[in-house]
Amino acid sequence: MKRPFFLLVLTAFFLFSCANEKESTQQAASLSETSEETTDKPPAPFESESDFRLQAISYFVGDFDALKYDEHKAPSFSNKITIALEYFEDGIVKGHSVVAGNSRPFSGVYVKKDEEYTVRVAEPGDDRYDGVFSFIWNPYYSTGLVGTWVANDTNLAVSEREFHLKKRTFEYDPNQELPEDISWASLYNTDPNLDEMEGEFLTEDVYAFNPSKDRLKKEDIENMYKGDLEIMRNSIYARHGYSFKNRKVRYIFDRYVDCYMPLVTDVRSMLTSLEKENIDLLKRYEAHAEAYYDSFGR
Amino acid sequence: MPVPNEAIDCFSFYFGNYSVKSTKLQITRFLLLSLLLAVFAYFCWLMLGITLQYLPLDTDVAFLRIKQDYIGYWHYQVAFFVHVYSAIFCLLAGFTQFSGWIRRKYAKVHRMGGWVYVVTVVLLAGPSGLVIGVYANGGLSSQIAFCLLAVLWVYTTIMAVRAIKNRNYRQHRFFMIRSFALALSAITLRAWKFGLVALFHPKPMDVYLIVAWLGWVLNLLIAELIILKLKQ
């Protein structure tokens with residue numbers, strides 16, 4: 001019972017058929033009106049035998065795209081988000097969301113109409129990035145969640161976001177490789193004085209080794225650029241479902257690694273001893289590259 | 001404005017012939033050598049900064065962060081710190097030993113400075129350089145480069161001492177020019193690395209393999225050119 005969390009995830013299974021994309025889009029269009037109506041109403045009564053019951057935590061993953069934003073505050077236009085539904089019964093919804101290194105609980109209500117659930121859940125409100133999620137879910141016909149999020153604080157860089165999430169399960173897999181198109185990905189904002197073409201890029205070195213599987217030797221990595229080392233090391237955390245606060249790293253995994261899903265904000269207890277050793281070695285070369293690569297010295 | 005002969009003398013290390021004909025040439029030479037000394041002093045300052053990274057003694061800082069495989073060996077540790085702490089003193093020779101003015105007017109300073117340089121190179125920085133050269137990053141090529149550098153450095157220095165013991169001033173001068181050119185590889189190696197990275201952004205070990213050779217071979221060639229010019 002080393003990782004009860006993962007065993008729990010493993011027990012999650014698909015209850016539903018595949019997503020009907022067209023229907024979901026239509027649902028999204030009608031979302032704003034329905035969610036307004038549901039705000040303070042008590043949950044509608046329902047027949048228990050036909051009502052959906054959550055068997056285990058369900059994860060929904062996808063892009064969390066900015067709708068309303070302030071360009072002058074360096075908004076993050078798109079982040080990968082995971083919405084976890086933990087409790088979904090008797091009109092009550094409980095769960096949490098994980099995005100950009102921020103894991104926040106939420107709770108609220110749902111209203112059922114036909115087979116479709118209109119959900120409105122709020123984050124506690126004691127974090128400056130808290131807000132309210134409104135989404136639609138049809139567990140019988142669709143595996144996706146479609147909806148919006150509105151921040152409590154309208155002065156945030158991004159005060160409103162939309163999402164269209166797919167149901168996913170999570171399993172730690174040390175054999176998971178980085179995709180090949182990750183090489184030549186440009187690293188975000190490494191030097192604000194450089195434009196897009198002059199900035200720092202990844203190379204194919206970044207997937208030359210899998211640090212969750214291969215024991216790295218110094219000869220393996222001593223000729224690598226800092227960016228490749230950094231992403232290689234962070235791929236270890238990504239395999240465990242770490243949600244990155246660091247924008248540079250987050251952009252890479254959100255955009256290029258389809259199998260990546262943000263789940264937790266601390267993976268330290270989940271790392272294998274092989275991964276820990278590799279992290280230590282990679283960090284040494286990263287620190288050395290950072291301090292000395294372009295300086296007068298070794 | 002004529003520059004006093006004394007001042008010209010004190011800076012004329014490489015340019016041997018003191019019988020300067022025109023005042024214009026004197027000024028040019030004076031400015032050129034001042035500039036050279038200023039640049040050298042600046043690089044010595046940078047080298048001092050690199051040395052001070054290892055004070056107080058710590059085995060998990062700077063360059064040693066990526067030498068953890070070897071830092072466990074006591075002989076590597078001893079060699080590394082002997083090299084780091086002693087090598088900086090070799091550079092001081094650049095300020096005093098090549099000045100004909102100091103040599104003639106203050107022969108004691110020249111002799112003392114010479115002994116400091118020779119003892120540092122032959123007993124401390126040279127042999128320790130050989131030991132850490134064996135464990136150089138980048139494989140056989142850079143290992144050979146650094147070991148060869150250490151051997152040639154000690155060899156040229158010993159030859160210079162032998163020459164002066166035999167009162168062969170010419171040979172002494174030539175071998176000290178070679179020895180000091182090799183000592184300067186501490187600076188040129190790092191300067192090449194800085195330049196190559198700024199221009200071409202190569203991978204870290206690729207640039208290391210290049211400068212391991214470039215850093216001292218070119219110096220030695222320039223030293224031979226200077227000696228050739230002095231022989232004429």
Side-chain angles (χ1 to χ4, degrees), chain A residues 183-187 190-191 193-209 211 214-233 273-274 276-298, chain B residues 39 42-54 59-71 80 83-84 87 132 135-142 146 185-212 215:
Chain A
S183 61
W184 301 110
S186 73
L187 290 170
T190 42
D191 184 346
N193 297 318
L194 298 175
D195 69 34
E196 183 102 2
M197 288 314 293
E198 290 175 296
E200 199 182 340
F201 288 83
L202 294 178
T203 75
E204 51 260 301
D205 281 352
V206 73
Y207 55 77
F209 300 95
D214 312 324
R215 186 173 298 278
L216 297 177
K217 299 185 295 292
K218 70 193 238 351
E219 292 78 18
D220 297 334
I221 61 167
E222 65 186 1
N223 199 23
M224 289 188 184
Y225 291 119
K226 182 176 162 269
D228 290 329
L229 296 171
E230 201 174 352
I231 298 303
M232 186 188 281
R233 175 170 60 83
S273 59
L274 172 73
K276 282 179 186 164
E277 279 172 40
N278 285 337
I279 286 167
D280 186 57
L281 188 69
L282 285 161
K283 272 186 171 171
R284 278 182 186 282
Y285 279 88
E286 278 175 62
H288 190 261
E290 169 72 31
Y292 301 105
Y293 173 60
D294 55 2
S295 73
F296 179 79
R298 292 291 171 94
Chain B
V39 169
Y42 173 70
F43 278 114
C44 286
W45 176 253
L46 292 181
M47 292 305 295
L48 184 68
I50 291 172
T51 304
L52 292 179
Q53 287 179 124
Y54 299 97
T59 58
D60 199 18
V61 290
F63 182 64
L64 289 178
R65 293 272 298 157
I66 62 164
K67 299 298 281 187
Q68 295 298 303
D69 289 7
Y70 307 131
I71 198 65
F80 183 86
H83 191 74
V84 163
I132 55 178
Y135 298 100
N137 289 329
L140 197 62
S141 168
S142 53
F146 286 118
S185 69
I187 288 171
T188 49
L189 178 153
R190 290 171 175 85
W192 276 114
K193 184 215 139 193
F194 181 84
L196 290 173
V197 167
L199 284 174
F200 305 111
H201 213 72
K203 290 186 179 182
M205 207 43 69
D206 293 349
V207 72
Y208 198 71
L209 284 172
I210 295 167
V211 301

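Every chain is numbered from 1 and lettered A, B, ... according to where its sequence line falls, protein lines coming before strand lines. Bear in mind the structure is a predicted one, so any value in this text is a computation, not a measurement.
Residue B/A198: no heavy atom, backbone or side chain, is found under 4.5 Å from chain A. For chain B, the nearby part of A/D205 is the side chain; its heavy atoms alone come within less than 4.5 Å.
How far CD1 of B/I50 is from OG of A/S295: 7.0 Å, rounded to the nearest 0.5 Å. Note that CD1 of B/I66 is 9.5 Å distant from CD1 of A/I221, once rounded to the nearest 0.5 Å. Here the NE2-CG distance, from A/H288 to B/L64, works out to 9.0 Å after rounding to the nearest 0.5 Å.
The two residues A/Y293 and B/H201 have their closest heavy-atom pair at OH-C, 3.1 Å. The heavy-atom pair separating A/D294 from B/K193 by the smallest distance is N-NZ, 4.4 Å.
Side-chain rings of B/F43 and A/F296 approach one another, their centers coming within less than 6.0 Å.
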Kindly determine whether A/L281 and B/Q68 satisfy side chain to side chain contact (heavy atoms under 4.5 Å, CB included), including the steps that lead there.
CA-CA 10 Å; A/L281 188 69; B/Q68 295 298 303; over 6 Å; no
List the steps, then state whether side chain to side chain contact (heavy atoms under 4.5 Å, CB included) holds for B/R65 with A/Y285.
CA-CA 8 Å; B/R65 293 272 298 157; A/Y285 279 88; over 6 Å; no
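A 6.0 Å sphere centred on OH of B/Y54 holds more than 12 heavy atoms belonging to other residues, nucleotides or ligands. More than 12 heavy atoms of other residues, nucleotides or ligands shown are found within 6.0 angstrom of NZ on A/K218.
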